[in-house]
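Quick note on labels: first sequence line is chain A, next is B, and so on, each numbered from 1. Because only heavy atoms are used, hydrogens play no part in the values below, and waters and symmetry mates are left out as well, while side chains stay in.
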Amino acid sequence: MSGTKQIFLTVNGETHEVSVPPRKLLVDVLRDDLHLTGTHTGCEHGVCGACTILVDGQPARACLSYAVQMEGHELRTIEAMAADGELKPLQRALHEEHGLQCGFCTAGIVMTFEAYLRDNPEPTEDEVRDVLSGNLCRCTGYQNIVSAVLKAASEMREEAQV
Amino acid sequence: MALMARFGTEAKPISGGQSLTPMMNMRIARPAHLVDLNDLLELDFIRVADGVVEIGAMTRHARVASAPEVVRELPLLAEAANTIGHYAIRQRGTLGGSLVHADPAAQLPLIAVTLGAEIVLKSVRGLRIVAAQDFFLSIMTVDIAEDEILTSVRFPAMGRSTGWAFDLVSRRRGDFAMASVALALDMDDAGRVSSLRFGIGGVSPVPARLEVVEQAAFGHQLQAGMIAALAAQASAEIDPEDTPQLPATYLRELVDLLSRRSLKKATETLGETV
């Protein structure tokens with residue numbers, strides 16, 4: 001498979017024209033061509049969750065898609081969070097609850113729960129742990145991430161009521 | 001279809017890419033051409049008619065697990081789909097993709113075999129329908145021609161009074177199962193088994209129904225003693241590969257445990273109206 005293909009990618013509301021080899025992974029195009037390096041490349045086979053972004057609002061591993069498949073789809077990456085300079089509730093809660101140390105896994109976790117908490121505003125701790133099982137973290141031991149997600153969920157519910 | 005006919009063995013259809021892309025990233029699979037099915041919205045559907053639930057190949061696991069029609073008509077399928085991989089994986093992975101990939105430990109091939117589903121295949125030559133138990137040939141090998149695409153799966157709806165259970169053991173949450181069991185159970189008015197479908201996955205190259213156990217259960221009430229006897233029979237019936245990582249004796253114990261738990265749960269869900 002040789003040559004490159006001209007494609008249009010819509011990322012965080014902006015459409016970019018890029019010329020990419022058809023076999024270039026979405027995560028590599030985001031990082032190398034669009035310089036959106038907040039999305040991290042970890043295991044490259046879908047296990048670690050570090051590269052999780054939103055495709056049409058649903059979480060997806062950017063390492064398991066090719067960029068050329070994403071024409072006509074809305075992509076959102078960690079750069080869209082706190083774009084206005086104010087942290088999102090989950091980002092704030094991760095900070096307050098010490099839900100990160102090195103931060104490598106954090107972008108993937110924020111994007112995963114961005115979708116999950118939108119669709120499930122009142123998760124139980126078990127449900128949070130089940131969803132979090134798809135994101136590996138080697139620093140925190142997960143307890144503080146679980147607390148942060150639960151705290152963010154409760155804050156988001158309060159905000160929604162106001 | 002035309003692309004598949006043109007490129008033949010050189011081409012692989014790609015759906016959610018949750019199995020094929022990892023294999024390509026690891027250079028285990030190196031197809032020359034990929035035919036992307038992701039934008040074929042007409043293959044993302046769930047239709048219920050005449051006691052059959054037909055589900056399009058591009059229906060994502062998350063939808064299979066939560067669609068009200070599936071939860072109502074095929075609770076066994078919905079529950080199993082909800083255990084595939086992780087939350088984000090279930091948003092991309094598809095029913096058709098999982099079936100053609102045919103990992104021996106995967107949930108959906110087991111459910112298709114247990115419930116006697118029909119696999120619908122299409123090519124430029126026309127339509128072909130294969131029974132699930134004939135579709136899975138060996139590890140990651142299915143009865144599909146090089147120009148064919150799996151377009152939908154037809155599941156016979158489970159009766160409303162049918163008891164069911166799905167259970168698996170994996171090393172970590174979201175990992176492939178070391179062993180899994182799927183059951184659909186019907187009883188007559190006297191509380192005796194009138195039909196048991198007993199599927200087992202992970203311990204053989206393809207998922208299988210344990211017909212010996214199904215027949216042994218027929219006509220019996222399922223008290224604790226009978227459940228233990230059937231579970232022991234299931235565990236004796238399997239012939240798992242014996243490896244240092246997963247000794248056959250350990251797998252037999254897992255199957256015994258899963259069978260006991262599942263038979264008990266199936267009796268508890270009997271007659272539950274959703």
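Nearest heavy atom pair, residue Q18(B) against residue L64(A), reads OE1-CD1, 3.4 Å. Listed here is the closest heavy atom pair of R92(B) and A60(A): CD-CB, 3.5 Å. The minimum heavy-atom distance linking P31(B) with R23(A) is given by the pair O-NH2, 2.9 Å.
Ranked by heavy-atom pairs shorter than 4.5 Å toward chain A, the options G174(B), P22(B), S19(B) are led by P22(B).
Here CG of D39(B) is found 9.5 Å from CD of E71(A). Values are rounded to the nearest 0.5 Å.
Using a 4.5 Å cut-off between heavy atoms, M26(B) touches chain A through its side chain atoms alone. For L25(A), the part lying under 4.5 angstrom from a heavy atom of chain B is the side chain only. Contact of D130(A) with chain B is made through backbone and side chain together, with heavy-atom distances under 4.5 Å.
Pairs of residues two or more places apart, or lying in two chains, that qualify as ring-ring contact (aromatic ring centres under 6.0 Å, His included) and include a residue from residues 66-112 of chain B are Y116(A)-Y87(B).
By the side-chain contact (heavy atoms from CB on, under 4.5 Å) test, D36(B) pairs with Q69(A), I14(B), N38(B), sequence neighbours left out.
Residues R60(B) and Q58(A) fail the side-chain proximity criterion, which asks for heavy atoms closer than 4.5 Å. Side-chain contact between V55(A) and Q91(B) is absent, with no heavy-atom pair separated by less than 4.5 Å.
Around atom CD of E241(B), no more than 12 heavy atoms belonging to other residues, nucleotides or ligands sit under 6.0 Å away. Summarising the local packing, CZ of R6(B) is surrounded by 12 or fewer heavy atoms from other residues, nucleotides or ligands at distances under 6.0 Å. Around the CD atom of E86(A), the shell of radius 6.0 Å holds no more than 12 heavy atoms that belong to other residues, nucleotides or ligands. Heavy atoms of other residues, nucleotides or ligands lying less than 6.0 angstrom from NZ of K122(B) number 12 at most.
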